[in-house]
Amino acid sequence: QQQVKQSPQSLIVQKGGISIINCAYENTAFDYFPWYQQFPGKGPALLIAIRPDVSEKKEGRFTISFNKSAKQFSLHIMDSQPGDSATYFCAATSGSRLTFGEGTQLTVNP
Amino acid sequence: NAGVMQNPRHLVRRRGQEARLRCSPMKGHSHVYWYRQLPEEGLKFMVYLQKENIIDESGMPKERFSAEFPKEGPSILRIQQVVRGDSAAYFCASSPPNLRDTEAFFGQGTRLTVV
């Protein structure tokens with residue numbers, strides 16, 4: 001099963017708030033979990049990524065939490081800013097194939 | 001080091017015409033992936049290629065779509081006899097051989113409009 005399920009589909013947060021996006025997977029062969037950020041008219045760009053042997057990874061305002069037993073991982077954006085408004089995709093890799101979630105359209109209101 | 005280059009950025013084709021989308025990977029990357037993104041939807045895997053080899057084409061429609069990555073030159077995604085449902089953004093990504101602990105870099109995409 002190659003599917004990665006992502007929620008919510010859209011999210012509206014006030015400036016300074018915390019944005020939380022969740023993903024779940026079935027395939028235990030996945031061994032790398034990146035998050036991509038996509039602005040309108042642009043290609044996706046890697047934001048942050050985690051391996052399954054780590055439960056949390058933090059880079060600046062962005063944190064990935066990973067729960068291997070539940071096969072779930074999430075992205076937390078602290079102190080959300082209007083410039084964070086974009087579409088966020090979780091993904092999982094097995095070997096050389098990226099499987100993406102459906103995406104979350106984040107809007108951060110000023 | 002130039003990023004992944006896709007051209008054209010925008011392509012308009014009439015129904016029944018052929019569309020050719022090009023992707024030049026990052027220097028040193030031997031693997032290319034093509035993804036399709038329909039409006040308001042996520043990225044759907046189409047095909048994964050190495051130089052002169054199709055590794056995984058499980059996401060490619062069975063008819064009208066083909067992809068190649070020749071020894072020299074860019075990777076080409078070819079859509080024959082385009083229909084309105086082919087209108088989408090097509091993204092190419094490139095990477096080194098194994099994605100673990102590395103990343104796939106995406107191009108800016110080609111936005112295909114079929115009229």
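Residue numbers start from 1 in every chain, and the chains themselves are labelled A, B, ... in the order their sequence lines are given, proteins ahead of strands. This structure is a prediction, so every number in the text was calculated from the model and none was measured.
- Around the CD atom of Q81(B), the shell of radius 6.0 Å holds no more than 12 heavy atoms that belong to other residues, nucleotides or ligands.
- Contacts between residues 100-110 of chain A and chain B, counted as heavy-atom pairs separated by less than 4.5 Å, involve F100(A), G101(A), E102(A), Q105(A).
- Per-residue heavy-atom pair counts under 4.5 Å with chain B were compared for G41(A), A45(A), P34(A), and the maximum is reached by G41(A).
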Side-chain donor/acceptor pairs under 3.5 Å, residues 15-25 of chain A, sequence neighbours excluded:
from, atom 1, to, atom 2, distance (Å)
S19(A), OG, S80(A), OG, 2.8

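- Remark: of the listed residues V12(B), L77(B), L11(B), L11(B) is the sole one forming a side-chain contact (heavy atoms from CB on, under 4.5 Å) with L112(B).
- Between F73(A) and W35(A), the ring centre distance stays below 6.0 Å.
- Side chain to side chain, S94(B) and Y33(B) fail the donor-acceptor criterion of an N or O pair below 3.5 Å.
- Looking at S58(B), only its side chain comes within 4.5 Å of chain A, counting heavy atoms on both sides.
- Remark: the backbone N or O of V4(B) is not paired with any side-chain donor or acceptor of Q6(B) at under 3.5 angstrom.
- With a 4.5 Å cut-off on non-hydrogen atoms, P44(A) touches chain B through its backbone and its side chain both.
- Summarising the geometry, atom NZ belonging to K5(A) is positioned 12.0 Å from atom SG belonging to C90(A); distances are rounded to the nearest 0.5 Å.
- Residue Q38(A) touches chain B through its side chain alone, counting heavy-atom pairs closer than 4.5 Å.
- A distance-only check finds a donor-acceptor pair linking the side chain of Q6(A) to the backbone of Y88(A) [under 3.5 Å].
- Contact of Q37(B) with chain A is made through the side chain alone, with heavy-atom distances under 4.5 Å.
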